[in-house]
4 protein chains.
Amino acid sequence: MPPRQVEEHAATGRERDPERTRNEILETATHEFAAHGYAGARVDDIAARMRTTKRMIYYYFGSKEQLFIAVLERAYTAIRRAEREVDVDGFDPASAVRRLAELTFDHHESHPEFIRLVSIENIHRAEHMAKSPAIAELGSPAIDLLARILERGRAEGVFRRDIDAVDLHMMISAFCVFRVANRHTFGTLFDRDLTDPALREHYRTMLGDMIVDYIRMPAEQDA
Amino acid sequence: MPPRQVEEHAATGRERDPERTRNEILETATHEFAAHGYAGARVDDIAARMRTTKRMIYYYFGSKEQLFIAVLERAYTAIRRAEREVDVDGFDPASAVRRLAELTFDHHESHPEFIRLVSIENIHRAEHMAKSPAIAELGSPAIDLLARILERGRAEGVFRRDIDAVDLHMMISAFCVFRVANRHTFGTLFDRDLTDPALREHYRTMLGDMIVDYIRMPAEQDA
Amino acid sequence: MPPRQVEEHAATGRERDPERTRNEILETATHEFAAHGYAGARVDDIAARMRTTKRMIYYYFGSKEQLFIAVLERAYTAIRRAEREVDVDGFDPASAVRRLAELTFDHHESHPEFIRLVSIENIHRAEHMAKSPAIAELGSPAIDLLARILERGRAEGVFRRDIDAVDLHMMISAFCVFRVANRHTFGTLFDRDLTDPALREHYRTMLGDMIVDYIRMPAEQDA
Amino acid sequence: MPPRQVEEHAATGRERDPERTRNEILETATHEFAAHGYAGARVDDIAARMRTTKRMIYYYFGSKEQLFIAVLERAYTAIRRAEREVDVDGFDPASAVRRLAELTFDHHESHPEFIRLVSIENIHRAEHMAKSPAIAELGSPAIDLLARILERGRAEGVFRRDIDAVDLHMMISAFCVFRVANRHTFGTLFDRDLTDPALREHYRTMLGDMIVDYIRMPAEQDA
DNA sequence: TATGAATGAGCTTTCATTCAT
DNA sequence: AATGAATGAAAGCTCATTCAT
């Protein structure tokens, strides 16, 4: 009678679904690390936020660092999966790039914690990521897609010839990441909330324009 | 016999110039905070790195947080001073904007520690900065300058009408900051060192092109 | 279908011979305890060193302490068995004692782990041994033999009258045990490796001389 | 008014005599390590036994290992000091050696904790001692003295020629150390308390006889 | 007979900070 | 203006052991 068992576990607090426990720890740890940084995160707090003990965290992940690496792996796996689902077939090259940029914008908008984790990892010079073979193997669907669109645009003669997919991805990411990652200091210094919902469409369009203006073949502008 | 004392202090390494001691602590603290983040920085290490004791740090700054705030103040004061020295008189509007963008690029290139401090402060939601009246009073010379150039460009009919100085500053900053701040994760994931000296001119030009393409009045491009 | 099961176990490395598993655990535990002491030994490490899980150790022995007791029992059983095999028939009393001392010397020389276990058990005031009826029942063949030789020597008038077998055994053991057990501190302090193979014969002879000189009837030495 | 200060310290529990605090910690730590071994000793317990916190122990000694090293240093310093005070002038060579052996016997008798520390350090292969330059520099007065006596005895023709001071020191130490260090297992196995006060003189004499018999020139014993 | 999952208690150590002068 | 000594609180981590089947 499995249902009974489940109830018993709930009663005793014993967890018998390792995969679920692992995921719950990762979920909670993601919030904690994103909220306070790597050094500022407390293993104690992660445990306190769920019905597990600190001991369990070490049982599953071995150390604070390995836990953080697992958090990064989970976050990157999720974003890469999202990237793989992007579909821009049927759009002309310029529209396709704009759409890809907008989807990137939206993804950053809706995953501020991921961006915080990335900032944190950069503070630590990507040393944790370097220890994860899993992340290295994820590849970069966004770049592959971008490369294909750029190729098409060049073939059609509407894009400049010399644009590299990785560079363009950087340009898009820079805008999207900065808006979210640096909004606090930017907001304080220039009194502008970059993530104000009322401004979202404004910045979304700005990004699209910026990218499209940059890649488009300059039509006799000096004529 | 005061001279004697001075000699003794020199001999024992005692510091008798409060302002200088304060600056040395700030200098050392800047490196420590930039290197390890706010939580990761160790007051002990800061003391160990110089010829002062940990006790002195508390004597001068009161707490780790106030020390960090002072570090931020010093860093922002320096960058604002640099911005005030920018001179783009004599350039046509487009060239002026390009030049301003390039100077921003160069400044970020040569002050990676400052960028790290900004990232760190964003991790902490700019809460330390908020406690510093000094930073709020610094103003933003770069934005003022940008506003003036944009005004000129619009008057001459070469710039689009709807561009806001703060937005444009954001666009420039995003590119410059991302390239330095996120170079570690970006490099690991896409195998490209964004700060490779051999690529510096490439990215510098890319930034200028991106900004100028964006602000320029679109000359009958669909004609 | 039992045959199938057996094959599966063989394939998966599962152990189906309890006695053998028990012995393997004891063997491994002996090394671990001898290497790190009682408190320093790790049940985890013992499990890791062999193809069993930590859980099995508890299944077979119940606790770390009971495991240590079992290790002691095995070690003492082995040495008592060796003692029972000593044969000095056909030697004159003095030669018999010398030979017994030399065999003890050799046994200690070749069983340094046993000596470490004894030292460890003494650190713990023999409290584990006290809980083992098995060890108490082992008796002491060496002492019995020594008593017989002493009796013979006294009867022949070549040994002093007042020597007790247990005392003599202590004298022999002290020399043999110290040489092995305290060689590390002694070597460090006096720069002499007591267990240097080149010195083995030297110390073996020294022991024999010391014992024989002590028990021999002092023949008119003041005459 | 220093007395007042002292009272205040007593009242607040603040200790203002670092050297005294350090010594108290060492004293307490000596008992703890001797009682439970290195791994078995608890820093918590050491703190609990005195009016200090665990934190103070780390403040003064840095780590459990460095504390243990300091304990060893103190113990060896004390025994070396005692050795330097031994005076056997005026005794004939044989009596001098006997006296030196007896003093060693008495010292071990009255310092069982020291012997436990030595056993413990041997379990750890003297690795802690090796990290202490202080111990290495202590020298060995007992050996120097022994060497001088042996030289005299040889000159007077009453000692065997081939006896080395370090070897003789080992012989003496083996007896004295074993009696104390191994008394627990020995007592359990052979039902004899080697440290029974009633037997002290017996073993003291036994040691003296053993040593003197061994070093004395064998006077026509086969005649 | 055998075992993977889980754990309470406690470990050594570190941290920013304050005391007392 | 300056400082050596001291510290409460909590951090990350480890241990022998038990649960539930």
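Chain letters run A, B, ... following the sequence lines, proteins first and then strands; every chain starts at 1. Quantities reported herein were computed from a predicted structural model and do not represent experimental measurements.
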B:D44, nearest nucleotide to its side chain (from E:dA16, F:dT14, F:dT18): E:dA16
Spatial distance of atom CD1 (B:I25) from atom CE (B:M50) [nearest 0.5 Å]: 5.0 Å
5' priority, DNA chain F, between C:S63 and D:R55 [closest heavy atom]: D:R55
Distance in angstrom units between A:I25 CD1 and E:dA5 P, rounded: 13 Å
Near-ring test A:H128/A:Y38, centroid separation under 6.0 angstrom: yes
Touch class at under 4.0 angstrom, heavy-atom based, for B:A41 against every strand present: sugar-phosphate
Gap between atoms CE and C1', on B:M56 and E:dT17 respectively (whole Å): 14 Å
OP1 or OP2 of F:dA6 under 4.0 Å from side-chain N/O of D:Y59: no
Base-pairing mate for F:dG8 - Watson-Crick or G-U, with both contacts under 3.5 Å: E:dC15
Any donor-acceptor N/O pair, D:R49 side chain to D:A29 backbone, under 3.5 Å: no
Presence of donor-acceptor pair under 3.5 Å, side chain of C:K54 and base of F:dT17: yes
Aromatic ring proximity C:F114/C:Y76, centre distance under 6.0 Å: yes
Spacing between C:E24 atom CD and E:dA2 atom P, to the nearest angstrom: 12 Å
Proximity to the side chain of A:R42 - top-ranked nucleotide from E:dA16, F:dA11, E:dG4: F:dA11
Proximal nucleotide (of E:dA2, F:dT14, E:dA6) relative to the C:P18 side chain: E:dA2
Interatomic distance where CZ belongs to D:R22 and P belongs to F:dA5 [whole Å]: 12 Å
Protein-nucleotide distance (A:I57, atom CD1; F:dC13, atom C1'), rounded to Å: 12 Å
C:R116 side chain vs D:I123 backbone, donor-acceptor pair below 3.5 Å: yes
Interatomic distance where CZ belongs to C:R20 and P belongs to E:dA2 [whole Å]: 12 Å
Length of the OH-C1' vector between A:Y38 and F:dA11, whole Å: 12 Å
First encountered from the 5' end of DNA chain F, between C:G62 and A:V43: A:V43
d(CE, D:M50; P, F:dT7) in whole Å: 10 Å
Nearest-nucleotide 5' precedence on DNA chain E, D:K64 against B:A39: D:K64
Nucleotide nearest C:Y60 when distance is taken to its side chain, options F:dG12, E:dA5, E:dA2: E:dA2
